[in-house]
Amino acid sequence: MSHGDHITRHRGAIRFLLLALGVPQALIGAWALFAPHSFYTGFPAGTDGWVKVLGPFDEHLVTDVGALFIALGVALGVAAFTLRRSAVLAATAAWLVFSVPHFLWHVFNLGPYTTADAVANTVSLAWTVIGGVLILALMRAPRAVVVPDRETGTRIEGVPDARAGILARGAYRYSKRELGTVPDPLRVYAHHPTVLSGYAALEYATARADRLPEGLKALAATKAAALSGCEYCMDIGSMISGDAGITEAQLRALPEYADSPLFSEDEKLVLDLAAGMTATPVDVPDELFGRLRARFDDAQLVELASEIAVENYRGRFNHAFGLGSQGFTASGFCVLPEQGPAVAH
(Lines give C-alpha, C1' and ligand atoms only; values in the text may rest on other atoms or scores of the structure.)
Protein backbone atom coordinates (compact mmCIF):
# COMPACT_ATOMS: atom_id res chain seq x y z
CA MET A 1 0.00 0.00 0.00
CA SER A 2 1.08 3.57 -0.54
CA HIS A 3 2.48 5.67 2.28
CA GLY A 4 -0.83 7.56 2.35
CA ASP A 5 -2.54 4.50 3.84
CA HIS A 6 -0.65 4.85 7.13
CA ILE A 7 -2.21 6.91 9.89
CA THR A 8 0.46 9.30 11.17
CA ARG A 9 -1.53 11.63 13.46
CA HIS A 10 -3.38 10.88 16.71
CA ARG A 11 -2.24 7.27 16.49
CA GLY A 12 -2.43 6.64 20.22
CA ALA A 13 -5.93 8.11 20.62
CA ILE A 14 -7.27 6.27 17.57
CA ARG A 15 -5.80 2.96 18.71
CA PHE A 16 -7.27 3.45 22.19
CA LEU A 17 -10.73 4.15 20.83
CA LEU A 18 -10.64 1.17 18.48
CA LEU A 19 -9.67 -1.15 21.32
CA ALA A 20 -12.11 0.46 23.78
CA LEU A 21 -14.91 -0.34 21.33
CA GLY A 22 -13.64 -3.64 19.96
CA VAL A 23 -12.44 -5.56 23.00
CA PRO A 24 -15.69 -5.31 25.02
CA GLN A 25 -17.69 -6.07 21.90
CA ALA A 26 -15.70 -9.25 21.22
CA LEU A 27 -16.04 -10.38 24.85
CA ILE A 28 -19.79 -9.77 24.84
CA GLY A 29 -20.01 -11.63 21.55
CA ALA A 30 -18.12 -14.61 22.96
CA TRP A 31 -20.56 -14.77 25.86
CA ALA A 32 -23.56 -14.74 23.51
CA LEU A 33 -22.05 -17.23 21.08
CA PHE A 34 -20.82 -19.83 23.55
CA ALA A 35 -23.40 -19.42 26.32
CA PRO A 36 -26.49 -18.03 24.58
CA HIS A 37 -29.01 -18.77 27.35
CA SER A 38 -26.75 -17.34 30.04
CA PHE A 39 -26.31 -14.22 27.93
CA TYR A 40 -30.06 -13.95 27.37
CA THR A 41 -30.89 -14.09 31.06
CA GLY A 42 -27.87 -12.37 32.59
CA PHE A 43 -26.57 -9.64 30.28
CA PRO A 44 -25.24 -7.29 31.45
CA ALA A 45 -23.85 -8.73 34.66
CA GLY A 46 -25.25 -7.15 37.80
CA THR A 47 -28.65 -6.25 36.29
CA ASP A 48 -32.00 -8.00 35.98
CA GLY A 49 -31.18 -8.65 32.34
CA TRP A 50 -31.60 -6.28 29.40
CA VAL A 51 -32.20 -8.95 26.77
CA LYS A 52 -34.79 -11.20 28.38
CA VAL A 53 -37.28 -8.35 28.89
CA LEU A 54 -37.43 -7.73 25.13
CA GLY A 55 -38.94 -11.05 24.08
CA PRO A 56 -38.70 -14.85 24.26
CA PHE A 57 -35.36 -16.63 24.01
CA ASP A 58 -34.21 -17.50 20.46
CA GLU A 59 -30.93 -19.43 20.47
CA HIS A 60 -30.39 -18.92 16.76
CA LEU A 61 -30.77 -15.14 17.05
CA VAL A 62 -28.53 -14.87 20.11
CA THR A 63 -25.70 -16.96 18.64
CA ASP A 64 -25.87 -15.03 15.38
CA VAL A 65 -25.61 -11.76 17.29
CA GLY A 66 -22.68 -13.18 19.26
CA ALA A 67 -20.83 -14.08 16.06
CA LEU A 68 -21.55 -10.61 14.65
CA PHE A 69 -20.17 -8.95 17.81
CA ILE A 70 -16.99 -11.03 17.64
CA ALA A 71 -16.54 -10.17 13.96
CA LEU A 72 -16.86 -6.46 14.69
CA GLY A 73 -14.46 -6.76 17.62
CA VAL A 74 -11.90 -8.55 15.44
CA ALA A 75 -12.20 -5.93 12.69
CA LEU A 76 -11.65 -3.12 15.19
CA GLY A 77 -8.74 -4.99 16.77
CA VAL A 78 -7.01 -5.55 13.43
CA ALA A 79 -7.47 -1.88 12.60
CA ALA A 80 -5.98 -0.91 15.98
CA PHE A 81 -2.97 -3.16 15.39
CA THR A 82 -2.20 -2.03 11.83
CA LEU A 83 -3.44 1.58 11.98
CA ARG A 84 -3.82 1.47 8.23
CA ARG A 85 -6.18 4.20 7.14
CA SER A 86 -8.18 1.84 4.91
CA ALA A 87 -8.55 -0.73 7.70
CA VAL A 88 -9.55 1.86 10.28
CA LEU A 89 -12.10 3.48 7.96
CA ALA A 90 -13.62 0.11 6.98
CA ALA A 91 -13.83 -1.14 10.58
CA THR A 92 -15.23 2.15 11.89
CA ALA A 93 -17.78 2.39 9.08
CA ALA A 94 -18.94 -1.18 9.72
CA TRP A 95 -19.12 -0.40 13.43
CA LEU A 96 -21.30 2.68 12.90
CA VAL A 97 -23.57 0.83 10.46
CA PHE A 98 -24.29 -1.49 13.38
CA SER A 99 -24.14 0.86 16.37
CA VAL A 100 -26.23 3.78 15.10
CA PRO A 101 -29.46 1.83 14.35
CA HIS A 102 -28.82 -0.31 17.45
CA PHE A 103 -28.67 2.82 19.58
CA LEU A 104 -31.74 4.40 17.93
CA TRP A 105 -33.85 1.27 18.35
CA HIS A 106 -33.12 1.09 22.06
CA VAL A 107 -33.72 4.82 22.59
CA PHE A 108 -37.28 4.37 21.31
CA ASN A 109 -37.89 1.07 23.13
CA LEU A 110 -36.99 1.78 26.76
CA GLY A 111 -40.43 0.89 28.14
CA PRO A 112 -39.55 -2.54 29.58
CA TYR A 113 -36.63 -1.15 31.62
CA THR A 114 -36.44 0.42 35.05
CA THR A 115 -35.30 4.04 35.12
CA ALA A 116 -31.78 3.07 36.17
CA ASP A 117 -31.50 0.42 33.46
CA ALA A 118 -32.92 2.80 30.84
CA VAL A 119 -30.32 5.44 31.69
CA ALA A 120 -27.48 2.91 31.74
CA ASN A 121 -28.64 1.38 28.47
CA THR A 122 -28.84 4.76 26.73
CA VAL A 123 -25.49 6.00 28.02
CA SER A 124 -23.59 2.80 27.14
CA LEU A 125 -25.04 2.61 23.64
CA ALA A 126 -24.51 6.34 23.07
CA TRP A 127 -20.82 5.75 23.79
CA THR A 128 -20.64 3.16 21.02
CA VAL A 129 -21.77 5.80 18.52
CA ILE A 130 -19.68 8.63 19.98
CA GLY A 131 -16.57 6.47 19.99
CA GLY A 132 -16.91 5.70 16.28
CA VAL A 133 -17.56 9.34 15.41
CA LEU A 134 -14.50 10.41 17.44
CA ILE A 135 -12.30 8.04 15.43
CA LEU A 136 -13.49 9.59 12.16
CA ALA A 137 -13.00 13.09 13.59
CA LEU A 138 -9.42 12.33 14.65
CA MET A 139 -8.64 10.94 11.21
CA ARG A 140 -9.89 14.14 9.61
CA ALA A 141 -8.19 16.56 12.02
CA PRO A 142 -6.01 19.01 10.06
CA ARG A 143 -2.27 18.47 10.11
CA ALA A 144 -0.36 21.13 11.95
CA VAL A 145 1.76 23.20 9.57
CA VAL A 146 5.42 22.90 10.51
CA VAL A 147 7.64 25.71 9.32
CA PRO A 148 11.23 24.53 8.76
CA ASP A 149 13.69 25.88 11.30
CA ARG A 150 15.68 28.55 9.48
CA GLU A 151 18.79 27.89 11.55
CA THR A 152 18.92 24.09 11.51
CA GLY A 153 16.92 23.52 8.33
CA THR A 154 14.90 20.75 9.98
CA ARG A 155 12.16 19.81 7.53
CA ILE A 156 9.69 17.92 9.72
CA GLU A 157 8.86 18.17 13.37
CA GLY A 158 10.20 15.38 15.57
CA VAL A 159 7.78 13.39 17.71
CA PRO A 160 7.60 14.96 21.21
CA ASP A 161 7.64 12.86 24.35
CA ALA A 162 3.90 13.25 24.89
CA ARG A 163 3.05 11.76 21.47
CA ALA A 164 5.69 9.04 21.38
CA GLY A 165 4.62 5.40 21.18
CA ILE A 166 5.82 2.67 23.51
CA LEU A 167 8.93 1.85 21.46
CA ALA A 168 9.85 5.50 20.96
CA ARG A 169 9.42 6.27 24.66
CA GLY A 170 11.79 3.43 25.52
CA ALA A 171 14.33 4.72 22.98
CA TYR A 172 13.95 8.25 24.34
CA ARG A 173 14.63 7.09 27.91
CA TYR A 174 17.67 5.12 26.81
CA SER A 175 19.06 8.10 24.88
CA LYS A 176 18.54 10.48 27.79
CA ARG A 177 20.41 8.08 30.04
CA GLU A 178 23.30 7.64 27.58
CA LEU A 179 23.52 11.12 26.02
CA GLY A 180 21.58 13.39 28.34
CA THR A 181 19.08 14.24 25.59
CA VAL A 182 17.02 12.70 22.80
CA PRO A 183 18.81 12.90 19.43
CA ASP A 184 16.86 14.81 16.80
CA PRO A 185 17.14 11.96 14.25
CA LEU A 186 15.53 9.59 16.76
CA ARG A 187 12.52 11.89 17.08
CA VAL A 188 12.16 11.82 13.29
CA TYR A 189 12.37 8.01 13.18
CA ALA A 190 9.61 7.90 15.80
CA HIS A 191 7.10 8.88 13.10
CA HIS A 192 7.43 5.31 11.76
CA PRO A 193 7.57 2.71 14.56
CA THR A 194 8.40 -0.17 12.20
CA VAL A 195 11.42 1.61 10.73
CA LEU A 196 12.38 2.84 14.20
CA SER A 197 12.46 -0.72 15.55
CA GLY A 198 14.84 -1.84 12.78
CA TYR A 199 17.04 1.23 13.11
CA ALA A 200 17.19 0.91 16.90
CA ALA A 201 18.29 -2.71 16.58
CA LEU A 202 21.00 -1.71 14.09
CA GLU A 203 22.31 1.06 16.33
CA TYR A 204 22.24 -1.20 19.38
CA ALA A 205 24.23 -3.92 17.58
CA THR A 206 26.68 -1.34 16.22
CA ALA A 207 27.25 0.14 19.67
CA ARG A 208 27.69 -3.27 21.33
CA ALA A 209 30.13 -4.72 18.76
CA ASP A 210 33.50 -4.91 20.49
CA ARG A 211 36.01 -6.74 18.27
CA LEU A 212 37.78 -3.44 17.53
CA PRO A 213 39.06 -0.68 19.85
CA GLU A 214 36.44 2.03 20.28
CA GLY A 215 38.93 4.68 19.21
CA LEU A 216 39.44 3.12 15.77
CA LYS A 217 35.70 2.85 15.14
CA ALA A 218 35.03 6.40 16.36
CA LEU A 219 37.82 7.74 14.17
CA ALA A 220 36.46 5.97 11.09
CA ALA A 221 32.89 7.12 11.74
CA THR A 222 33.94 10.73 12.34
CA LYS A 223 35.97 10.76 9.13
CA ALA A 224 32.95 9.47 7.21
CA ALA A 225 30.79 12.14 8.86
CA ALA A 226 33.19 14.91 7.83
CA LEU A 227 33.28 13.63 4.24
CA SER A 228 29.48 13.37 4.03
CA GLY A 229 29.12 16.85 5.53
CA CYS A 230 26.44 15.75 8.00
CA GLU A 231 26.36 18.45 10.69
CA TYR A 232 24.65 16.28 13.27
CA CYS A 233 27.07 13.39 12.63
CA MET A 234 30.15 15.60 12.92
CA ASP A 235 28.81 17.09 16.14
CA ILE A 236 28.07 13.84 17.95
CA GLY A 237 30.98 12.02 16.26
CA SER A 238 33.49 14.53 17.61
CA MET A 239 32.12 14.04 21.11
CA ILE A 240 32.21 10.24 20.84
CA SER A 241 35.76 10.35 19.44
CA GLY A 242 36.89 12.46 22.37
CA ASP A 243 35.29 10.04 24.82
CA ALA A 244 37.09 7.18 23.05
CA GLY A 245 40.53 8.78 23.50
CA ILE A 246 40.96 10.58 20.18
CA THR A 247 42.74 13.90 20.80
CA GLU A 248 41.66 17.29 19.53
CA ALA A 249 44.92 17.46 17.57
CA GLN A 250 44.00 14.25 15.75
CA LEU A 251 40.51 15.53 14.94
CA ARG A 252 42.01 18.74 13.55
CA ALA A 253 44.44 16.69 11.45
CA LEU A 254 41.79 14.43 9.87
CA PRO A 255 41.82 16.20 6.48
CA GLU A 256 45.58 15.49 6.11
CA TYR A 257 45.69 12.22 8.03
CA ALA A 258 47.76 10.41 5.37
CA ASP A 259 50.81 12.64 6.01
CA SER A 260 50.24 13.28 9.71
CA PRO A 261 52.52 11.77 12.38
CA LEU A 262 49.60 11.89 14.81
CA PHE A 263 48.08 8.67 13.45
CA SER A 264 49.35 5.09 13.71
CA GLU A 265 49.49 2.78 10.70
CA ASP A 266 46.33 1.02 11.86
CA GLU A 267 44.52 4.36 12.22
CA LYS A 268 45.60 5.44 8.74
CA LEU A 269 44.35 2.17 7.25
CA VAL A 270 41.01 2.58 9.00
CA LEU A 271 40.75 6.16 7.74
CA ASP A 272 41.61 5.00 4.22
CA LEU A 273 38.71 2.57 4.37
CA ALA A 274 36.37 5.27 5.71
CA ALA A 275 37.38 7.63 2.90
CA GLY A 276 37.03 4.94 0.26
CA MET A 277 33.63 3.74 1.45
CA THR A 278 32.30 7.30 1.68
CA ALA A 279 33.45 8.21 -1.84
CA THR A 280 30.92 8.27 -4.67
CA PRO A 281 31.35 5.84 -6.28
CA VAL A 282 32.85 3.71 -3.51
CA ASP A 283 36.61 3.28 -3.90
CA VAL A 284 38.03 0.32 -1.94
CA PRO A 285 40.71 -1.26 -4.15
CA ASP A 286 42.08 -4.77 -3.62
CA GLU A 287 45.44 -3.38 -2.52
CA LEU A 288 43.86 -1.42 0.33
CA PHE A 289 41.71 -4.35 1.38
CA GLY A 290 44.76 -6.62 1.35
CA ARG A 291 46.61 -4.30 3.72
CA LEU A 292 43.58 -4.17 5.98
CA ARG A 293 43.27 -7.94 6.03
CA ALA A 294 46.91 -8.26 7.03
CA ARG A 295 46.17 -6.21 10.17
CA PHE A 296 42.62 -7.22 11.10
CA ASP A 297 40.74 -10.51 11.22
CA ASP A 298 37.51 -11.19 9.34
CA ALA A 299 35.17 -10.30 12.22
CA GLN A 300 37.04 -7.05 12.84
CA LEU A 301 36.77 -6.11 9.17
CA VAL A 302 33.04 -6.77 9.22
CA GLU A 303 32.65 -4.61 12.32
CA LEU A 304 34.74 -1.82 10.84
CA ALA A 305 32.99 -1.78 7.46
CA SER A 306 29.61 -1.90 9.21
CA GLU A 307 30.53 1.07 11.40
CA ILE A 308 31.46 3.14 8.35
CA ALA A 309 28.43 2.01 6.35
CA VAL A 310 26.09 2.87 9.22
CA GLU A 311 27.68 6.31 9.48
CA ASN A 312 27.04 6.88 5.78
CA TYR A 313 23.45 5.76 6.32
CA ARG A 314 23.06 8.20 9.19
CA GLY A 315 24.53 11.05 7.15
CA ARG A 316 22.23 10.54 4.18
CA PHE A 317 19.15 10.22 6.38
CA ASN A 318 20.03 13.35 8.35
CA HIS A 319 20.79 15.32 5.17
CA ALA A 320 17.36 14.43 3.78
CA PHE A 321 15.60 15.89 6.82
CA GLY A 322 17.94 18.84 7.31
CA LEU A 323 19.05 17.70 10.75
CA GLY A 324 21.85 19.91 12.01
CA SER A 325 24.17 20.13 14.99
CA GLN A 326 22.60 19.46 18.41
CA GLY A 327 25.31 21.03 20.56
CA PHE A 328 27.15 17.89 21.67
CA THR A 329 30.49 19.66 21.14
CA ALA A 330 29.40 23.11 22.27
CA SER A 331 32.30 23.28 24.72
CA GLY A 332 34.84 21.39 22.62
CA PHE A 333 36.23 20.99 19.12
CA CYS A 334 34.00 19.78 16.29
CA VAL A 335 35.41 18.52 13.00
CA LEU A 336 34.56 20.47 9.86
CA PRO A 337 33.19 19.21 6.54
CA GLU A 338 35.74 17.95 4.06
CA GLN A 339 35.43 18.49 0.33
CA GLY A 340 36.05 14.92 -0.73
CA PRO A 341 37.89 11.75 0.14
CA ALA A 342 41.63 11.55 -0.34
CA VAL A 343 42.57 7.91 -0.01
CA ALA A 344 46.22 7.05 0.57
CA HIS A 345 46.35 3.88 -1.56
Side-chain angles (χ1 to χ4, degrees), residues 2-21 79-85 87-89 92 131 133-204 206-207 225 230-240 310-311 313-331 334:
S2 69
H3 65 278
D5 198 43
H6 293 274
I7 292 176
T8 58
R9 292 169 290 128
H10 309 299
R11 291 170 59 90
I14 291 172
R15 176 174 280 135
F16 171 79
L17 288 169
L18 288 166
L19 292 175
L21 294 172
F81 177 76
T82 64
L83 284 183
R84 298 267 188 176
R85 182 173 297 273
V88 173
L89 281 174
T92 305
V133 172
L134 282 175
I135 292 171
L136 296 181
L138 288 172
M139 293 178 69
R140 289 179 56 84
R143 180 188 296 273
V145 176
V146 179
V147 179
D149 188 304
R150 298 307 177 190
E151 294 183 359
T152 66
T154 303
R155 290 170 173 166
I156 67 173
E157 181 184 17
V159 177
D161 291 28
R163 284 178 42 215
I166 295 174
L167 176 62
R169 288 199 298 270
Y172 287 3
R173 285 194 294 270
Y174 178 83
S175 297
K176 289 175 182 177
R177 185 171 67 249
E178 295 294 315
L179 299 172
T181 187
V182 178
D184 291 338
L186 179 56
R187 291 194 182 276
V188 173
Y189 275 108
H191 284 288
H192 198 308
T194 302
V195 174
L196 171 61
S197 64
Y199 176 67
L202 176 63
E203 285 287 6
Y204 184 82
T206 300
C230 169
E231 292 182 5
Y232 175 88
C233 304
M234 291 184 289
D235 179 26
I236 194 170
S238 297
M239 179 194 74
I240 292 173
V310 169
E311 184 56 48
Y313 169 78
R314 296 180 188 121
R316 282 160 171 74
F317 182 91
N318 295 342
H319 268 302
F321 290 98
L323 296 168
S325 170
Q326 203 170 332
F328 290 107
T329 53
S331 59
C334 181

**Q** Please give me the minimum heavy-atom distance between Ala79 and Leu18, naming the atom from each residue.
**A**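 Smallest interatomic distance, heavy atoms only, reads C-CD1, 3.8 Å.
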**Q** NE2 of His191 to CG of Leu196: how many Å apart, nearest 0.5 Å?
**A**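 Atom-to-atom, His191:NE2 and Leu196:CG are 11.0 Å apart.
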**Q** Measuring from atom CZ of Arg15 to atom OG1 of Thr82, what distance do you get when rounded to the nearest 0.5 angstrom?
**A**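 The distance works out to 8.5 Å.
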**Q** Mind checking whether Leu89 and Leu136 have side chains closer than 4.5 Å, heavy atoms only?
**A**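 Answer yes - side chains close enough.
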**Q** Is there side-chain contact between Gln326 and Leu179, with heavy atoms separated by less than 4.5 Å?
**A**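 A side-chain contact is absent here, since even the closest heavy-atom pair is not under 4.5 Å.
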**Q** Got a second to check how far Tyr174's OH is from Glu203's CD, nearest 0.5 Å?
**A**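 Here the interatomic distance stands at 10.0 Å.
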**Q** Can you see which heavy atom on Asp235 is nearest to which on Ser325, and at what distance?
**A**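 Looks like OD2-OG, 3.1 Å.
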**Q** Taking the side chain as C-beta and beyond, is there a heavy-atom pair between Arg187 and Asp161 under 4.5 Å?
**A**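 When only atoms from C-beta onward are counted, Asp161 and Arg187 do touch, with a gap below 4.5 Å.
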**Q** Parallel, tilted or perpendicular: which fits the ring planes of Tyr232 and Phe328, with parallel below 30° and perpendicular above 60°?
**A**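 The rings of Tyr232 and Phe328 stand perpendicular, inter-plane angle above 60°.
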**Q** Enter the distance from Arg169:CZ to Arg163:CZ here, rounded to the nearest 0.5 Å.
**A**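 Arg169 atom CZ to Arg163 atom CZ measures 12.5 Å (nearest 0.5 Å).
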**Q** Check for a donor-acceptor pair, side chain of Asn318 on one end and backbone N or O of Gly324 on the other, with a separation under 3.5 Å.
**A**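 Checked: no pair found.
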**Q** Report yes if the side chains of Arg314 and Tyr199 come closer than 4.5 Å at any heavy-atom pair, otherwise no.
**A**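 Yes, their side chains come closer than 4.5 Å.
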**Q** Is there a side-chain contact between Arg85 and Val88, using heavy atoms and a 4.5 Å cut-off?
**A**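 Result no, sub-4.5 Å side-chain heavy-atom pair not found.
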**Q** What's the spacing between Cys233 SG and Tyr313 OH if we round to 0.5 Å?
**A**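 Here the rounded value is 11.5 Å.
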**Q** Quick one: OH on Tyr172 to OG1 on Thr181, what's the gap to the nearest 0.5 Å?
**A**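 If I round to the nearest 0.5 Å, the distance is 10.5 Å.
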